[in-house]
Number of protein chains: 2
Amino acid sequence: MTLSEEDYIKAIYHLGKGENTAVSTNAIAEQMATKPSSVTDMIKKLSEKGVANYRKYKGVSLTEYGQKIALTLVRKHRLWEVFLVNELDFSWDEVHEVAEQLEHIKSEKLVDRLDKLLGYPQVDPHGDPIPSKEGEFKKAVKKLLNDIPIGTSGICVGVKDSSAPFLKFLDKNNIALGDTISIVDKEEFDGSFMIRIKDHDLHISHQIANNLYLKITE
Amino acid sequence: MTLSEEDYIKAIYHLGKGENTAVSTNAIAEQMATKPSSVTDMIKKLSEKGVANYRKYKGVSLTEYGQKIALTLVRKHRLWEVFLVNELDFSWDEVHEVAEQLEHIKSEKLVDRLDKLLGYPQVDPHGDPIPSKEGEFKKAVKKLLNDIPIGTSGICVGVKDSSAPFLKFLDKNNIALGDTISIVDKEEFDGSFMIRIKDHDLHISHQIANNLYLKITE
DNA sequence: ACAAATATTTAGATTTGCCTAAAAATTATT
DNA sequence: AATAATTTTTAGGCAAATCTAAATATTTGT
């Protein structure tokens with residue numbers, strides 16, 4: 001696969017939300033910042049190559065083979081993201097662009113060894129699951145901390161309330177996007193939570209918990 | 001710079017042996033497994049871009065700008081080689097192909113952090129020096145162990161005698177290509193050497209020393 | 001020094017991935 | 001259901017990087 005073909009495969013995969021959904025020409029064009037006519041050209045080619053199913057005017061979906069390719073690309077992308085954050089101290093929000101390049105490197109051995117070096121991580125720095133070599137992986141969902149059962153852990157990926165006071169609270173308590181948070185206990189009485197973050201426990205109110213989004217794998 | 005342009009720059013650099021020597025069209029074509037006419041096209045383009053000096057029928061050399069690009073490519077290539085060998089347990093002879101891909105990744109931060117992770121290595125797994133960020137580096141030479149002064153260390157890169165008995169000797173004494181060897185002492189009387197390899201000392205005869213090539217940086 | 005051999009360049013085509021503009025199909029609206 | 005709006009495709013072109021074949025320079029050998 002060429003670099004460009006791989007990018008299209010990834011776009012189709014992501015627009016189809018990982019399901020085997022048909023994706024429209026326009027959607028792909030937008031995602032890839034290119035023109036619909038270019039997309040038509042490419043999806044015809046991918047179809048001839050046995051990577052995608054294409055029916056004129058009806059959109060494209062990936063074949064089983066195409067999905068396999070997409071999953072190895074996703075796997076590589078996310079493993080490199082973990083590498084960049086864990087080994088090279090990149091911050092969670094600056095890894096995407098570089099991983100976008102690294103995911104195209106062709107060497108199965110490299111990916112396997114990288115996986116090993118990183119300790120076979122299950123999720124990337126954004127909390128998204130890393131497919132196994134065989135292409136299996138759990139889905140991730142984004143939930144308010146409030147709605148997550150005791151014992152679960154996830155990665156902090158966003159806030160509902162983005163007012164200054166709330167952000168100041170997070171800062172003061174050293175909670176940042178990308179942090180791994182585990183739900184230690186929940187207080188029935190006031191709906192407050194005991195959470196574990198960066199090796200220490202922290203008590204947060206129901207209100208706080210209701211404004212923090214975590215990404216968890218089910 | 002495109003991928004292809006970078007490959008040409010590297011080829012010109014290596015064929016010119018790092019000096020600013022003019023390189024022939026045919027030599028580049030051979031090195032890059034392409035046709036001379038394709039080379040002519042590309043070196044014209046590089047010339048227009050200020051990367052190379054080209055005079056019809058007289059060959060090309062790199063401009064100062066071109067040399068700078070070549071050196072950052074060499075730096076990236078060799079740092080990745082160290083990464084593959086030291087962090088991912090690749091063997092010294094299987095890293096080239098992968099490093100050839102990795103060297104094109106565009107991220108200054110990535111290279112800097114990689115350099116740091118690896119402990120600012122001076123040479124790659126083949127004993128070739130790694131240019132600094134500023135493009136400075138010592139030259140490496142390949143010498144018989146015999147001709148290397150006490151106190152120096154280098155990397156074993158080849159043998160003069162490749163007969164079975166000699167190779168068997170190396171195997172028995174656990175000396176392999178890619179190993180770092182330091183010259184601890186030399187015996188005036190019989191020309192034998194005490195060398196240090198993989199954390200233990202080893203006594204080798206003049207004859208052995210005269211058949212082992214090390215790469216050292218001066 | 002001149003012919004033969006070799007090296008290099010030019011000219012013209014090809015492939016890949018992209019573009020614009022126009023045509024055709026689909027979907028939405030009244 | 002017919003027309004309008006939108007989406008998608010087709011047709012024709014362009015730039016990058018390559019190729020083959022032919023033309024032109026340079027170098028080598030005698």
Side-chain angles (χ1 to χ4, degrees), chain A residues 1-17 21-63 66 69-70 73 100-101 103-106, chain B residues 1-17 21-63 66 69-70 73 100-101 103-106:
Chain A
M1 295 295 139
T2 68
L3 219 133
S4 189
E5 286 168 349
E6 290 190 345
D7 285 339
Y8 275 95
I9 292 170
K10 259 193 40 173
I12 297 169
Y13 177 82
H14 282 129
L15 289 168
K17 290 167 193 157
T21 324
V23 173
S24 81
T25 304
N26 259 14
I28 298 172
E30 191 172 334
Q31 162 96 7
M32 305 207 37
T34 184
K35 304 291 163 178
S37 53
S38 308
V39 174
T40 304
D41 285 349
M42 182 57 93
I43 60 189
K44 273 182 185 168
K45 190 166 75 161
L46 291 178
S47 186
E48 277 162 21
K49 282 199 169 191
V51 170
N53 299 306
Y54 166 55
R55 280 168 47 232
K56 273 191 190 178
Y57 296 102
K58 300 297 179 193
V60 252
S61 59
L62 294 174
T63 63
I69 296 172
L73 287 168
E100 204 70 10
Q101 297 180 62
E103 73 190 1
H104 295 292
I105 302 292
K106 283 167 181 55
Chain B
M1 294 293 138
T2 67
L3 218 132
S4 187
E5 285 169 349
E6 289 189 348
D7 285 338
Y8 274 94
I9 292 170
K10 259 194 39 176
I12 298 169
Y13 178 83
H14 282 129
L15 288 168
K17 289 167 194 157
T21 323
V23 172
S24 80
T25 304
N26 258 12
I28 298 171
E30 191 171 335
Q31 162 95 9
M32 302 202 44
T34 184
K35 303 290 161 178
S37 54
S38 308
V39 175
T40 303
D41 285 350
M42 183 55 94
I43 60 190
K44 273 182 185 169
K45 190 167 76 161
L46 291 178
S47 186
E48 276 163 22
K49 281 201 170 189
V51 169
N53 298 307
Y54 166 57
R55 281 167 47 231
K56 270 192 191 175
Y57 297 101
K58 299 298 178 191
V60 253
S61 59
L62 294 174
T63 62
I69 296 171
L73 287 168
E100 204 71 11
Q101 298 179 61
E103 74 190 1
H104 295 292
I105 303 292
K106 284 170 181 52

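Since we're looking at a predicted model, the values are computed, not measured. In what follows, chains are A, B, ... by sequence order, proteins preceding strands, each numbered from 1.
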From [atom1] of [X] over to [atom2] of [N], roughly how many Å is that when rounded to an integer?
{"X": "A:Asp41", "N": "C:dT15", "atom1": "CG", "atom2": "C1'", "result": "13 Å"}
{"X": "B:Glu30", "N": "C:dT6", "atom1": "CD", "atom2": "C1'", "result": "14 Å"}
{"X": "A:Arg55", "N": "D:dT9", "atom1": "CZ", "atom2": "P", "result": "12 Å"}
{"X": "B:Lys58", "N": "C:dT9", "atom1": "NZ", "atom2": "C1'", "result": "14 Å"}
{"X": "B:Lys49", "N": "D:dA16", "atom1": "NZ", "atom2": "C1'", "result": "11 Å"}
{"X": "B:Glu48", "N": "D:dA15", "atom1": "CD", "atom2": "P", "result": "14 Å"}
{"X": "B:Lys35", "N": "D:dT18", "atom1": "NZ", "atom2": "P", "result": "13 Å"}
{"X": "B:Lys44", "N": "D:dT18", "atom1": "NZ", "atom2": "C1'", "result": "15 Å"}

May I ask you to evaluate whether [X] reaches the phosphate of [N], defined as a side-chain N or O under 4.0 Å from OP1 or OP2?
{"X": "A:Asn26", "N": "D:dT8", "answer": "yes"}
{"X": "B:Tyr8", "N": "D:dA16", "answer": "no"}
{"X": "A:Thr40", "N": "D:dT10", "answer": "no"}
{"X": "A:Ser38", "N": "C:dC18", "answer": "no"}

Nearest-neighbour nucleotide for the [X] side chain, [options] considered:
{"X": "A:Ser4", "options": "D:dT9, C:dT9, C:dC18", "answer": "C:dC18"}
{"X": "A:Tyr57", "options": "C:dA24, D:dT10, C:dT9", "answer": "C:dA24"}
{"X": "A:Pro36", "options": "D:dT18, D:dT9, C:dT9", "answer": "D:dT9"}
{"X": "B:Lys56", "options": "D:dT9, C:dT10, C:dT26", "answer": "C:dT10"}

Using atom types as modelled, flag every donor-acceptor pair under 3.5 Å from a side chain in residues 28-44 of chain B to any protein atom, sequence neighbours excluded.
residue, atom, partner, partner atom, Å
B:Thr40, OG1, B:Pro36, O, 3.2

From [X] [atom1] over to [Y] [atom2], what is the distance, rounded to the nearest 0.5 angstrom?
{"X": "A:Glu6", "Y": "A:Leu46", "atom1": "CD", "atom2": "CG", "result": "11.0 Å"}
{"X": "B:His104", "Y": "B:Gln101", "atom1": "NE2", "atom2": "CD", "result": "8.5 Å"}
{"X": "A:Leu62", "Y": "A:Ile69", "atom1": "CG", "atom2": "CD1", "result": "8.5 Å"}

How do B:Ala27 and A:Thr34 order along DNA chain C: which one's closest nucleotide is nearer the 5' end?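 First, find each residue's nearest nucleotide; the 5'-ward one identifies B:Ala27.
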
Does A:Ser37 make a side-chain donor-acceptor contact with the base of C:dT20, cut-off 3.5 Å?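 For A:Ser37, whose side chain was compared with the base of C:dT20, there is a donor-acceptor pair (under 3.5 Å).
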
For A:Ala27, which residues count as a side-chain contact (heavy atoms from CB on, under 4.5 Å) partner, sequence neighbours excluded?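 With sequence neighbours excluded, A:Ala27 shows a side-chain contact (heavy atoms from CB on, under 4.5 Å) to A:Leu15, A:Val23, A:Ser24, given in chain and number order.
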
